[in-house]
Every structure is written in structure tokens, then in C-alpha cells.
Amino acid sequence: MIKAVRGTRDLLPPETALWNSAEATVRDVFRAYNFHEIRTPIFESTELFSRSVGEETDIVAKEMYTWEDRGRAQSEKGQSLTLRPENTAGVVRAYIEHKLWEWGLNKLYYIGPQFRRERPQKGRYRQFFQIGAEIIGPASAGSESPARDAEILELLATLLDRLGIKGWSLQLNSVGCAKDRAAYNEALRKALEPVVPRMCVDCQRRAVTNPLRVFDCKVPEDQPIIETLPRISQFLDEPCREHFQAVQEILKSVGVDFQLDDRLVRGLDYYTRTAFEFTHGALGAQNAILGGGRYDGLSESLGGPQAPGIGFAIGEDRLILALQESAETVQPKPDVFIAPLGAGMDREAARLARELRAQNIVAELGDETFRLKKSFEAASRLKARHVLIVGENEVKAGAFALKNQETGEQISVPRANLAERIRGKQ
RNA sequence: GUGGGAGUAGCUCAAUCGGUAGAGCACCGGACUGUGGCUCCGGACGUUGCGGGUUCAAUUCCCGUCUCCCACCCCA
């Protein structure tokens with residue numbers, strides 16, 4: 001048997017109904033904040049990701065689906081392509097390619113699949129879905145303003161509330177600008193040097209490869225040491241400090257709760273200043289339901305104009321998981337099951353179905369070879385609200401037997417009144 | 001990529017010491033020729049994840065492999 005490949009999966013009804021309703025809510029909220037949808041290709045030039053996400057990040061170094069395209073001629077080599085591991089790089093590429101700064105401030109959102117070759121576990125797949133948004137534009141349009149950071153965060157709080165997610169919490173930090181981070185990294189390395197031999201093996205490795213990750217350590221014995229390490233907050237320059245302060249003040253003013261977490265660091269190279277994460281308890285170790293931050297230098301590093309921006313990505317698979325904790329997934333029910341009865345009745349039933357569906361009635365069709373009992377059983381299984389019997393008697397009379405499946409009441413209804421009666425009995 | 005657990009019917013699970021696979025639910029048919037849910041009767045249902053090994057005999061023991069779950073790494 002051919003099965004879905006590792007880390008991919010089929011989304012089946014009724015779960016797809018939950019995905020659709022969640023996405024509908026998301027689109028509603030984006031609409032209220034005047035965000036517009038962008039759809040970028042699911043594969044891009046490999047270079048786009050190595051330059052934006054960062055050559056040394058795990059994503060680029062070992063998690064991308066990359067292949068070499070064919071050239072024009074058989075012998076010619078093609079370019080290196082990659083299935084997108086995240087969507088911000090693609091959006092910024094499109095921003096540059098289509099000169100979107102001509103529009104001033106861009107507020108863009110996307111919903112779509114992303115790909116990373118990781119070991120699958122709860123809420124983590126190799127093809128996974130993200131809902132994300134970006135605010136990007138020239139600084140003169142206000143893209144650098146702390147008001148944008150706060151707007152994004154307030155939108156997210158609204159979004160999670162509207163979706164019915166209970167018990168989320170917002171972790172907030174500032175990772176400063178590039179030079180702050182460089183100075184901090186240096187200081188952190190220095191501070192680690194004398195103490196790291198006393199720490200766990202993971203920390204010893206992190207100290208070399210990615211010192212910031214030392215803060216993720218969960219070994220109790222290491223915590224006192226970690227407490228003594230310098231924090232990024234001590235290295236922010238004055239403009240970054242003020243920016244971060246302003247973001248917090250607006251959040252307080254609009255009433256969005258948050259926790260400062262100066263251990264929160266972002267994995268991707270392009271992040272600057274505000275960094276954040278929303279977590280949810282019901283997700284196991286993968287407790288981050290969304291993450292994001294500011295990326296003021298990204299456009300320039302991709303050869304574009306100066307275009308500060310801020311964005312986020314929601315792990316949709318994890319969002320749905322959290323939603324399933326609270327919400328029951330319900331299969332939508334048909335309004336009517338049309339039961340043709342006897343030879344030739346398929347034709348009549350098809351005509352009726354066409355008429356009813358044209359009036360937005362959700363209609364399911366039976367088969368003239370079914371005995372009536374079987375039609376009713378089928379209707380019950382589908383949880384149809386009504387059964388409409390289409391037999392010779394009905395066709396002759398021009399009125400059809402319509403049974404309400406919940407009350408058991410059955411009446412004869414003239415053809416012209418069917419849609420009204422079916423709708424009215426809901 | 002690393003470590004641990006699991007894989008038996010569509011689903012949830014059982015099978016004693018190694019003796020040749022079973023239940024509930026679901027499905028199909030009938031009782032009941034134009035009226036569902038309840039009941040009764042009957043039916044179909046399996047490459048025991050896959051491949052190899054040991055054995056007279058493997059769902060069971062051994063090796064490999066795949067997939068899922070949990071955790072690590074990392075991240076949404």
C-alpha cells in the first residue's frame with residue numbers, strides 16, 4: 001500500500017470543517033485590521049532562504065527540501081530550488097520584486113503549507129501550515145513605529161480570543177539591533193567560558209554552537225549559573241530601549257497581558273528588536289503556538305530598499321490542536337435527503353435536487369434502486385434534517401412527501417413550496 | 001539527526017508457556033414490497049506494518065527496516 005510519506009498527512013472530514021471555520025474567522029479578523037492576502041509560490045530559489053533565514057540556522061543547514069532543477073538543455077545545470085520552510089522570506093522577496101513600497105505601508109497575510117525536514121511529533125509535521133502576516137514598508141510610512149508592533153500583538157490577542165483559544169500567554173522580549181546582538185553574543189561567550197565546564201553536556205555544546213540557546217536549558221543544576229549570565233536587555237542601545245518601552249506602554253493601554261521574558265530568543269537571523277511568542281499549555285513540548293518579531297534589515301539584506309517590518313507565523317496544525325481541546329468538531333448536516341422510489345425516479349429526483357440546490361438547500365441524493373427503508377437509513381446516517389420521497393404517486397400529484405427526521409412529522413408539499421418548507425423546518 | 005514506547009479487521013482492543021487470530025462498535029443483507037433510529041437473525045471482514053532468521057510450528061523469540069507516538073535537538 002502506498003501511504004502518505006513520513007511527516008505528511010491527510011486532513012479528512014469532519015476535521016477539515018474545523019480548519020475551514022478557523023480560517024474564516026482568521027480572514028475576518030485580518031479584514032478588520034485591513035490586512036490583505038498574498039500568495040507566494042511554495043518553492044523559491046534556495047538562495048532566498050540561505051540569505052534571509054541564515055546559513056547557520058538549523059532550518060537552512062539541515063531541514064530544507066532542496067533539489068536542483070533541470071536546465072533548458074538536457075546537459076545544462078538548473079538552479080537550486082527549495083520548498084519554502086517559512087513564508088516571510090517569500091513575502092519580502094515579492095515586496096522587492098513588485099516594488100510594493102509604492103503602496104506605502106503594506107499589511108499582508110498568508111495561509112498555506114510550509115516544509116521542513118524534521119522528525120515528526122505532536123503538532124510538528126514535515127508539511128505544516130502557517131497563518132502569518134507582515135507589516136512592511138518604508139520607514140516614512142510608519143513601518144518602524146512601535147505602534148505597528150503593538151497593533152500586531154493586539155491583533156493576535158483578538159484573534160486567539162475570537163477563535164476561542166483559552167489559556168494562551170504572550171512572552172515578550174527585545175533582541176535589539178544587529179550591533180546590540182553582536183555585543184551581547186560576545187559578552188555571553190565570555191561569561192560562559194569560566195562556568196561552562198560545570199554545566200550539562202547540552203549546554204557545553206550550545207556554548208560553542210549557539211550560546212543564546214543556553215537559556216533553553218531545563219537542567220535544574222544549571223539554573224543558578226544561567227541566572228548569573230548577562231541578558232540582552234542590558235545591551236540594548238537607547239533607541240531600541242525606547243522602542244521596546246513604547247510597545248509595552250501601548251499594550252498596557254489596550255489591555256493586552258504579556259510577560260517579559262529576556263530569555264526569549266528567536267532562531268532566525270533576520271529578527272531585530274521586538275520578539276514574541278504565544279504559548280498554550282495543551283500542546284506538550286511544542287507549546288509555542290505562534291511566534292514572530294521585527295525584521296528591520298531583511299529587505300536590504302535581500303537587495304531591496306530599506307523596509308522595516310514586523311510579522312508572525314501561527315502554527316496552524318498546533319492551533320487546530322489547541323482548538324480541539326475546547327471545540328467539538330461537527331460534521332455539517334444536509335437539509336434534505338432526496339429519496340427516489342422506483343424505476344425512472346432518478347430523473348425526477350435529479351431535477352428536484354437541482355432546483356433545491358439552486359436555492360441554497362444542502363441536498364443529498366439517493367438512488368432509485370434503494371428500497372425506501374434503505375433510503376431512510378442512509379438519510380439517518382447522514383443526519384439529514386428531512387427526507388423527500390420522490391415516487392410515482394408524488395410525481396403524478398405534483399406534491400411530494402416530506403418527512404421531518406427530527407419530529408417524525410410527514411406532510412405533502414407542492415413542488416413550488418418545497419424549498420420554503422425545508423428551510424422553515426430547520 | 002539521537003533516545004524510548006508502539007504497530008493485530010474500517011475503529012477500539014484481546015489472543016495464556018511458541019500450537020496456526022477473536023470480541024465490541026461500524027459495515028452489508030434479511031425479518032419488514034412506500035418509511036430511519038430499537039430489536040432479532042445472518043454475512044463479509046486480516047499479507048498480525050514490511051523483510052529475513054530460529055523452530056515441526058511465530059501475532060508471540062531474534063535481527064533488519066518502515067510508520068506513528070513521546071522526548072531531545074530545533075522550531076510554528
Side-chain angles (χ1 to χ4, degrees), chain A residues 1-9 12 53-54 56-63 84-88 111-132 156 200-203 205-206 209-210 212-213 216-219 264-268 271 276-280 283-293 311-322 337 339-342 345 366 368 370-394 400-410:
Chain A
M1 192 183 13
I2 299 174
K3 294 188 286 189
V5 304
R6 177 173 218 189
T8 70
R9 58 184 179 147
L12 305 172
V53 174
E56 302 305 317
T57 59
D58 275 28
I59 293 178
V60 171
K62 51 186 205 196
E63 293 173 3
R84 62 186 188 196
E86 57 99 43
N87 219 150
T88 298
I111 299 177
Q114 320 289 339
F115 306 84
R116 285 181 207 170
R117 201 179 179 293
E118 299 177 282
R119 189 79 167 254
Q121 70 188 75
K122 193 181 187 72
R124 155 184 286 182
Y125 302 94
R126 290 181 169 185
Q127 173 176 330
F128 60 103
F129 292 80
Q130 284 190 330
I131 299 168
L156 282 166
C200 67
V201 286
D202 282 336
C203 282
R205 180 177 42 74
R206 291 179 184 124
T209 58
N210 194 350
L212 287 175
R213 286 285 156 208
D216 291 338
C217 179
K218 285 151 194 153
V219 178
L264 175 68
V265 292
R266 303 269 72 206
L268 314 187
Y271 282 114
F276 57 87
E277 206 168 271
F278 283 70
T279 55
H280 189 271
L283 298 176
Q286 310 302 317
N287 67 344
I289 198 169
L290 71 90
F312 64 84
I314 303 173
E316 190 172 6
D317 306 81
R318 292 182 191 175
L319 176 75
I320 297 292
L321 220 47
F337 184 95
L341 188 63
M345 289 300 121
E368 67 182 23
F370 288 2
R371 291 187 3 256
L372 233 214
K373 174 191 168 67
K374 185 167 166 176
S375 286
F376 269 86
E377 282 171 349
S380 293
R381 192 169 50 238
L382 291 166
K383 299 189 165 56
R385 294 178 221 274
H386 301 85
V387 173
L388 180 65
I389 300 171
V390 183
E392 274 184 46
N393 301 342
E394 282 78 7
F400 297 82
L402 181 68
K403 182 167 182 179
N404 182 317
Q405 289 287 87
E406 277 134 47
T407 63
E409 180 194 4
Q410 182 167 321

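Just so we're on the same page: letters track the sequence lines, and every chain starts at 1. Computed from a predicted structure; not experimentally measured.
- The side chain of A:Gln405 lies closest to B:G36 when the candidates are B:A76, B:G36, B:U67.
- Using P as the reference atom, B:U16 and B:A21 are 13 Å apart when rounded to the nearest Å.
- Within the 4.0 angstrom heavy-atom criterion, no nucleotide atom of any strand lies near A:Glu277.
- For A:Arg84 and A:Gln114, the side-chain atoms include at least one donor-acceptor pair closer than 3.5 Å.
- The partner of B:G7 is B:C66, by the rule that a Watson-Crick or G-U pair needs both atom distances under 3.5 Å.
- Here the separation of B:C17 from B:C61, taken at their C1' atoms, is 12 Å to the nearest Å.
- Of the listed nucleotides (B:A76, B:C74, B:G34), B:G34 has the atom at the smallest distance from the side chain of A:Leu341.
- Of the C1' atoms belonging to B:G49 and B:A6, the separation is 11 Å, rounded to the nearest Å.
- Taking atom C1' on both B:C45 and B:U39, the two are 24 Å apart, rounded to the nearest angstrom.
- OP1 or OP2 of B:U67 has not a single side-chain nitrogen or oxygen of A:Lys3 nearer than 4.0 Å.
- Between A:Arg6 and B:C68 there is a side-chain polar atom (N or O) within less than 4.0 angstrom of OP1 or OP2.
- Residues A:Arg381 and A:Glu377 are not paired through a salt bridge, judged by the lack of any N-O separation under 4.0 Å between the basic side chain and the carboxylate.
- Taking only side-chain atoms of A:Tyr125, from C-beta outward, the nucleotide of B:C70, B:U2, B:C69 with the closest atom is B:C69.
- Taking the C1' atoms as reference points, B:A15 lies 24 Å from B:G51, given to the whole Å.
- Distances from the side chain of A:Phe376 to the nucleotides B:C70, B:U35, B:G1 place B:U35 closest.
- With both pairing distances under 3.5 Å, B:U20 is matched to nothing as a Watson-Crick or G-U wobble pair.
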Every protein N/O within reach of nucleotides 26-30 of chain B N/O, cut-off under 3.5 Å:
| from | atom 1 | to | atom 2 | distance (Å) |
| --- | --- | --- | --- | --- |
| B:G29 | OP1 | A:Lys374 | NZ | 2.9 |
| B:G30 | OP1 | A:Arg371 | NH1 | 3.3 |
| B:G30 | OP2 | A:Arg371 | NH1 | 2.9 |

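- Contact annotation: A:Gln121 reaches the phosphate of B:A71 (side-chain N/O to OP1 or OP2, under 4.0 Å).
- B:G46 and B:U59 have their P atoms separated by 16 Å, given to the nearest Å.
- Only the C1' atoms considered, B:C66 is 23 Å distant from B:C13, to the nearest whole Å.
- Distances from the side chain of A:Gln130 to the nucleotides B:U35, B:A76, B:U67 place B:A76 closest.
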